[in-house]
Asks: 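First the structure, then my questions, so here it is.
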Amino acid sequence: MLLQPAPKAVRKAMTLIKTTEILADLIAFETVSADSNLEIIRYLTERLEALGARCIETRDATGAKANVFATLGPDMPGGILLSGHTDVVPVADQDWTTDPFQMTERDGRLYGRGACDMKGFIAAALAFAETLDISKLTQPLHFAFTYDEETGCLGAQNLVNDLSERGIVPDIAIIGEPTEMRVIEGHKGCFEYTTSFVGLEGHSSAPDDGVNAAEYAARYIGKLLELRHILKSRAPKGSPFEPPWTTVNVGRISGGVAHNVIASKAEVAWEMRPVQSSDAELVRSTLSDYVQHTLLPEMQAVHPETSITQEAVAEVEGLEPMDENAARELVAELTGANGTGVVAFATEAGLFQQLGVHAIVCGPGSITQAHKADEYVEIEQLDLCCRMLNRLGRRLIA
């Protein structure tokens, strides 16, 4: 006589099977950051609305990119948020052995662009929702699926601003980036800028008659290097990061046309990786003051149409480890983790933390597989994620 599996075992199996099926669908959407993600957002929204979810869509200025924020359960403050980004990095010039936009199973792995970064988590979150008894939820269960994380967390910034205006602040956010299901409580921010200098060209034999944009760019870089030294002394006590302080890097310098021409244009591409938001503010305010009160007045004294402008390529807030973090405690309990860690890569978690949400990063797969040809997620990793979410479900209906 065959024994029937226990309901708990059935739910676990159902969640993993459904996760795999949904992941195949998600991989088939070619959501490279340069392209629209509206089709995958429509797919996710329709499945969530079929469960009774209340959905809010926010779009970028072009209308071609969208986030969806969905809520299941009671209409009340707080709740748990499961979050992931829908965009993926390009596959151009990568040597794939499989079709990157068709999921392939081999040797216990599921291959495809975005399999681990991070459509695997999105699939598990959606499958989890579809196996829940929604009517028994005692607190809200939120889902946030965003655009353009890979190009600067642009979608999440838009979403967080919208949630702030609406007064929606979940208690806890789980961002499912690939951490091999380790509980990650911190990462540095990533602030990238391009600073452009417009001077006045002329013959190099009369340098005082022109405004050398390259020279002012060099002085600007000098101030950045001064700040780098200052930031080392501001490392928080017990900082878990390596290095423990906020870093500054000058990635590219360009400008000028010839040896004997005063450079009329120059450009500096640089970044900082803050360990704390106060460091980012120090760098920005110091540079702004230096430009407005020293460099620019000198340039415009010679030629009033000279300028210094700055483009923010990305401003991704770091996730600062906190003494009290309800998300850390919850996810450690759900996964059975004995400790937490920090990572070098940036995520959307810091943006939710800035909103006032207790945030943590934990998801299936390894970051070492992300952005590479033949990206994959191990089925075992997806199973661990599904088990974590099933345990979360039991808490939500307790």
Side-chain angles (χ1 to χ4, degrees), residues 67 69 78-87 116-122 124-125 141-164 168-192 236 239-241 246 272-280 314-332 334-335 337 339-367 370 385 388-389 392:
N67 306 306
F69 182 85
I80 309 294
L81 170 64
L82 304 178
S83 181
H85 63 82
T86 62
D87 62 315
C116 75
D117 187 21
M118 56 179 302
K119 292 180 176 180
F121 179 78
I122 295 176
L141 176 61
H142 306 287
F143 301 85
F145 302 130
T146 62
Y147 66 85
D148 284 0
E149 186 271 351
E150 298 290 2
T151 56
C153 295
L154 305 181
Q157 291 180 52
N158 186 359
L159 173 64
V160 166
N161 289 336
D162 184 69
L163 294 179
S164 178
I168 300 174
V169 183
D171 294 320
I172 286 172
I174 303 171
I175 291 77
E177 289 279 6
T179 67
E180 298 177 280
M181 296 305 297
R182 294 181 299 122
V183 183
I184 300 302
E185 64 171 336
H187 62 71
K188 292 184 180 183
C190 181
F191 290 63
E192 299 177 346
S239 171
F241 298 105
T246 293
M272 59 175 161
R273 302 267 173 159
V275 299
Q276 51 194 350
S277 58
S278 59
D279 284 353
E315 291 184 324
V316 182
E317 296 287 348
L319 177 64
E320 294 187 31
M322 309 293 287
D323 291 337
E324 295 184 10
N325 187 335
R328 177 186 62 213
E329 306 309 321
L330 171 64
V331 177
L334 295 176
T335 60
T340 60
V342 299
V343 291
F345 60 88
T347 79
E348 297 171 334
L351 293 168
F352 289 107
Q353 187 180 67
Q354 292 292 311
L355 182 64
V357 181
H358 288 227
I360 205 77
V361 184
C362 182
S366 170
I367 195 65
C385 183
M388 177 189 75
L389 294 175
L392 173 63

Asks: Taking side chain as C-beta onward, heavy atoms only, is Ile367 less than 4.5 Å from Val343?
Replies: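 A side-chain contact is absent here, since even the closest heavy-atom pair is not under 4.5 Å.
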
Asks: Using the salt bridge (charged side-chain N to carboxylate O under 4.0 Å, His left out) rule, collect all pairs that involve residues 173-183, keeping only residues at least two apart or in two chains.
Replies: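 For residues 173-183, and leaving out neighbouring residues, there are no salt bridge (charged side-chain N to carboxylate O under 4.0 Å, His left out) pairs at all.
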
Asks: Between Thr246 and Val275 (side chain of the first, backbone of the second, donor and acceptor by atom type, cut-off under 3.5 Å), is there such a pair?
Replies: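 Between the backbone of Val275 and the side chain of Thr246 there is a qualifying donor-acceptor contact (under 3.5 Å).
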
Asks: Centre-to-centre under 6.0 Å for Phe69 and His142, is that the case here?
Replies: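 Yes, ring centres under 6.0 Å apart.
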
Asks: At their closest point, which heavy atom of Tyr147 faces which heavy atom of Thr86, and how far apart are they?
Replies: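 Here Tyr147 and Thr86 meet closest at CA-OG1, 4.2 Å.
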
Asks: Could you pull out the closest heavy-atom pair between Cys362 and Phe121, with the gap in Å?
Replies: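 Here Cys362 and Phe121 meet closest at O-CE1, 4.1 Å.
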
Asks: Supply the atom-to-atom distance His358 NE2 to Met322 CE, rounded to the nearest 0.5 angstrom.
Replies: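 Between His358 NE2 and Met322 CE, I get 7.0 Å after rounding to 0.5 Å.
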
Asks: Before giving the answer on side chain to side chain contact (heavy atoms under 4.5 Å, CB included), spell out for Val169 and Val357 the whole-Å C-alpha distance, their side-chain angles and the decisive distance to 0.1 Å.
Replies: CA-CA 6 Å; Val169 183; Val357 181; 3.9 Å; yes

Asks: Spell out, as yes or no, whether a donor-acceptor pair under 3.5 Å connects the side chain of Glu348 to the backbone of Glu149.
Replies: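 No, because the side chain of Glu348 does not come within donor-acceptor range (under 3.5 Å) of the backbone of Glu149.
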
Asks: Donor-acceptor check, side chain of Thr340 to backbone of Ile184, threshold 3.5 angstrom: yes or no?
Replies: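 No; zero donor-acceptor contacts below 3.5 Å.
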
Asks: Is there a donor-acceptor pair closer than 3.5 Å between any side-chain N or O of Asp279 and the backbone N or O of Pro274?
Replies: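 Flag not set: sc Asp279 to bb Pro274 has no pair under 3.5 Å.
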
Asks: Will you find, in the side chains of His85 and Asp117, an N or O donor that is under 3.5 Å from an N or O acceptor?
Replies: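 Yes, side-chain donor-acceptor contact under 3.5 Å.
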
Asks: Would you please test Ile360 and Val183 for side chain to side chain contact (heavy atoms under 4.5 Å, CB included) and show each step?
Replies: CA-CA 7 Å; Ile360 205 77; Val183 183; 3.5 Å; yes

Asks: Please tell me if the side chains of Val331 and Met388 come closer than 4.5 Å, counting only heavy atoms from C-beta onward.
Replies: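 When only atoms from C-beta onward are counted, Met388 and Val331 do touch, with a gap below 4.5 Å.
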
Asks: Using a 3.5 Å distance criterion without hydrogens, assess whether the side chain of Asn325 forms a donor-acceptor pair with backbone atoms of Ala359.
Replies: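 Yes: the side chain of Asn325 pairs with the backbone of Ala359.
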
Asks: Asp87: what forms a salt bridge (Lys or Arg N to Asp or Glu O under 4.0 Å) with it, not counting sequence neighbours?
Replies: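 Once residues adjacent in sequence are excluded, Asp87 has no partner under the salt bridge (Lys or Arg N to Asp or Glu O under 4.0 Å) criterion.
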
Asks: With rounding to the nearest 0.5 Å, note down the distance linking CG in Leu159 to CG in Asn67.
Replies: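 The CG atom of Asn67 is 5.0 Å from CG of Leu159, to the nearest 0.5 Å.
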
Asks: May I have the step-by-step check of side chain to side chain contact (heavy atoms under 4.5 Å, CB included) for Gln353 and Glu317, ending in yes or no?
Replies: CA-CA 9 Å; Gln353 187 180 67; Glu317 296 287 348; over 6 Å; no

Asks: Determine yes or no for a side-chain-to-main-chain donor-acceptor pair under 3.5 angstrom, with Asp162 supplying the side chain and Asn158 the backbone.
Replies: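 Checked: no pair found.
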
Asks: When you measure from the side chain of Asp148 to the backbone of Cys153, do you find a donor-acceptor pair of N or O atoms at a distance under 3.5 Å?
Replies: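 It does not hold such a pair.
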
Asks: Could you tell me whether the side chain of Arg328 and the main chain of Pro321 form a donor-acceptor pair under 3.5 Å?
Replies: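 Side chain of Arg328 to backbone of Pro321: no pair is present.
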
Asks: Rounded at 0.5 Å granularity, tell me how far OG in Ser83 sits from CD1 in Ile122.
Replies: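 The CD1 atom of Ile122 is 8.0 Å from OG of Ser83, to the nearest 0.5 Å.
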
Asks: Is Leu319 close to Ile175 at the side-chain level, that is, under 4.5 Å between some pair of heavy atoms?
Replies: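 Answer no - side chains too far apart.
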
Asks: Roughly how far, to the nearest 0.5 Å, is CE of Met272 from CD of Glu315?
Replies: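 Going from CD on Glu315 over to CE on Met272, the span is 7.5 Å.
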
Asks: Is there a side chain to side chain contact (heavy atoms under 4.5 Å, CB included) between Val160 and Gln354 once you walk through the steps?
Replies: CA-CA 9 Å; Val160 166; Gln354 292 292 311; 5.9 Å; no

